[in-house]
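Working notes, beginning with the structure itself.
Each residue takes its place number in the sequence, starting with 1. Bear in mind the structure is a predicted one, so any value in this text is a computation, not a measurement. Only heavy atoms go into these numbers, but all of them, side chains included; no hydrogens, no water, no symmetry mates.
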Amino acid sequence: MAGIGFELRKLNPGDTLSGLGRAYSYAGIISSGPWLLSIFTMVLLNYFLAPLLSHDELNFFSASITHIYTFSLILVGPLQLVLTRYAADKFSARDRSGIFPGCLSALALTAVLSGLLGGWFFLLHVEGPILHRVSAAALSVYVSCMFITSNYLTALRDHKTVVATFAIGCLVSFAASWGAVKVTGDPASALAGFAFGHAVLFLLLLRALHREFGTTISPSWDVFRYFFRFPSLVFIGLFYNLGIWIDKLMFWWFSGQHVQISGWLYASPEYDVAICLSLLSIVPGMAVFFLKLETEFAAYYEEFFRAIDERRPLSSILAAKEGIVRTLRAGFIQLFKVQGLVTLLLVIFAEPLGERLGIGSVKVGIFRETLFGSFLLICFLSLQTVLFYVDDRKGALLCTAAFAIANATLSILTLRANEAWFGFGFVIASGLGMALAVIRVNDRVARLESCVFREQG
């Protein structure tokens with residue numbers, strides 16, 4: 001299953017330093033925009049709201065946002081890959097006009113489900129000011145819909161607009177949240193302002209999609225046929241996002257060190273800060289491999305299938321395959337160099353960084369451990385993307401299911417131990433997922449031409 005990042009190839013940076021910086025910046029923001037936005041904005045708000053809110057009020061604000069993003073990612077996981085496949089098929093059929101109606105139908109379903117989930121959790125099972133709880137339910141809808149629209153960003157031609165949109169969303173979320181508390185003095189208005197900023201971001205992303213693909217504003221329910229055509233994609237998306245977040249849920253609900261914020265809203269301060277920082281570290285590696293995959297690799301991949309479709313000599317087909325192998329090898333070497341250097345530097349300077357951020361030695365220790373897990377995770381994510389390209393859905397399902405089950409099981413075991421073991425479940429699960437993905441990618445790429453001919457036959 002080919003990706004839909006065709007337009008990203010126009011970011012080809014050439015040999016200039018400024019070109020490289022621009023290309024990798026665009027790739028990093030586009031590939032991790034919503035997630036990067038949330039962490040960056042929360043870091044800013046935690047710093048600037050600290051003089052305005054009490055410790056408990058700030059924890060209530062942060063824990064609410066963290067739960068919303070967790071639930072939203074797990075909720076939209078089953079949708080994302082199906083939508084990507086649908087959009088990719090529309091591109092292949094040169095039917096760009098069918099993409100936006102499919103997006104609208106997915107947004108309608110997402111808004112209903114996320115509204116029900118957010119309302120059920122925050123209105124019925126969390127105590128606190130009604131403004132905060134209603135804002136949390138609304139934010140659940142905006143964040144989930146934002147993830148759906150972000151699914152199409154790599155297909156947009158105007159990458160500057162995408163980057164500007166995320167910058168505006170970050171600025172409005174911060175200004176509205178901080179400004180609301182500053183003006184009203186009401187702690188609950190912080191989340192209301194944050195929700196308003198995300199509503200603006202979602203609408204700007206939707207507008208960008210409509211400008212690119214929108215010939216009609218009527219939803220098309222045809223996209224949901226793909227749930228029955230490709231059920232494996234539903235479970236891959238579910239297991240992958242659940243696998244990433246299941247250890248956090250375990251620490252919130254079952255850790256001996258967890259803290260009840262309000263009702264069903266919990267936090268695990270020792271683990272939450274460390275894992276948040278370690279996940280933020282994968283952005284450079286994500287940008288490097290994402291750009292490599294959607295430029296050089298994608299070009300050779302298309303050439304490979306073009307050679308088959310045009311019935312070229314076997315030598316031409318094998319030459320294209322060699323290009324695929326070469327770019328994959330170069331991409332992973334570059335990923336290991338960049339992400340390995342980032343991880344190594346953060347491990348070495350973890351203590352000074354912890355002192356700078358005001359986090360204790362226990363959190364620094366967990367941060368160091370989970371940095372290795374995040375390094376393995378970005379490798380796993382990159383290999384999963386290759387599996388989607390070569391249409392090995394069975395392999396991708398196996399890897400993501402093993403990752404989710406291993407992270408859940410091992411996290412429970414580490415919770416029974418002391419803080420020195422916190423994060424090891426995430427590290428081992430990421431390593432297991434990566435190892436299985438390496439085996440599947442090597443096998444599929446080695447037999448690529450035979451698999452294609454067998455499937456066509």
Q) Do S374 and S281 meet the criterion of a side-chain donor-acceptor pair at a distance under 3.5 Å? A) no

Can you tell me if [X] has over 12 outside heavy atoms packed within less than 6.0 Å of its [atom1]?
X    : atom1 : value
F227 : CZ    : yes
R326 : CZ    : yes
E127 : CD    : no
F202 : CZ    : yes

Got [X] and [Y] here, is their nearest side-chain heavy-atom distance under 4.5 Å?
X    : Y    : answer
F61  : P187 : no
S135 : L131 : yes
L279 : L377 : yes
F48  : F174 : yes
L79  : L109 : yes
C399 : R440 : yes
S150 : F166 : yes
S144 : F71  : no

For the backbone of [Y] and the side chain of [X], can you confirm whether one donor and one acceptor N or O come within less than 3.5 Å of each other?
X    : Y    : result
Q80  : L83  : no
R368 : V347 : yes
R133 : G128 : yes
S54  : E57  : yes
T327 : I324 : yes
S105 : G102 : yes
N442 : V438 : yes
S411 : A408 : no

Supply the atom-to-atom distance [X] [atom1] to [Y] [atom2], rounded to the nearest 0.5 angstrom.
X    : Y    : atom1 : atom2 : answer
T400 : Q384 : OG1   : CD    : 5.5 Å
L383 : F388 : CG    : CZ    : 11.5 Å
Q339 : L344 : CD    : CG    : 11.5 Å
T149 : L203 : OG1   : CG    : 9.5 Å
D392 : R444 : CG    : CZ    : 5.0 Å
F196 : S177 : CZ    : OG    : 12.0 Å

Looking at every heavy atom in both [X] and [Y], which two are closest together, and how far apart are they?
X    : Y    : result
I275 : S278 : O-OG, 3.0 Å
L209 : C103 : CD1-SG, 4.0 Å
C145 : L107 : O-CD2, 3.6 Å
T370 : V427 : CA-CG2, 4.4 Å
L265 : S64  : CD2-OG, 3.5 Å
V181 : A190 : CG2-CB, 3.5 Å

Under 3.5 Å, which donor-acceptor pairs do the side chains of residues 234-244 form with other protein atoms, sequence neighbours left out?
residue: N241; atom: ND2; partner: L73; partner atom: O; Å: 2.7

Q. Should N46 and S62 be marked as a side-chain hydrogen bond (donor to acceptor under 3.5 Å, both in side chains) after you check the CA-CA gap, both sets of side-chain angles, and the distance that decides it?
A. CA-CA 8 Å; N46 275 314; S62 300; 2.9 Å; yes

Q: Output, in order, the C-alpha distance, side-chain angles, deciding distance and verdict of side-chain hydrogen bond (donor to acceptor under 3.5 Å, both in side chains) for W245 and N407.
A: CA-CA 9 Å; W245 291 100; N407 201 10; over 6 Å; no

Please state whether the rings of [X] and [Y] are parallel, tilted or perpendicular, taking 30° and 60° as the class boundaries.
X    : Y    : answer
F194 : H198 : tilted
F147 : Y69  : perpendicular
H67  : W252 : parallel

Q) With sequence neighbours left out, which residue pairs that include part of residues 254-273 fulfil the ring pair (Phe, Tyr, Trp, His ring centres under 6.0 Å) condition? A) W120-W264, H125-W264, F251-Y271, H258-Y266

**Q.** ring pair (Phe, Tyr, Trp, His ring centres under 6.0 Å) pairs, two or more places apart, involving residues 358-378
**A.** none

Q: Could you give me the CA-CA distance, side-chain angles and deciding distance for K182 and W178, then say whether side-chain contact (heavy atoms from CB on, under 4.5 Å) is met?
A: CA-CA 6 Å; K182 190 74 173 176; W178 179 82; 4.0 Å; yes

Q: Using a strict cut-off of less than 4.0 Å between a Lys/Arg side-chain nitrogen and an Asp/Glu carboxylate oxygen, indicate whether R85 and D391 qualify as a salt bridge.
A: yes

Q) Can you list the steps and then say if L201 with V172 is a side-chain contact (heavy atoms from CB on, under 4.5 Å)? A) CA-CA 8 Å; L201 173 60; V172 174; over 6 Å; no

Q: Report yes if the distance between the aromatic ring centroids of Y226 and Y86 is under 6.0 Å, otherwise no.
A: yes

(Q) Tell me whether the NZ or CZ atom of K248 lies within the 45° cone about the ring axis of F426 and under 6.0 Å from its centre. (A) yes

Q. Please walk me through it: do L113 and L75 pass side-chain contact (heavy atoms from CB on, under 4.5 Å)?
A. CA-CA 8 Å; L113 294 178; L75 177 69; 4.1 Å; yes

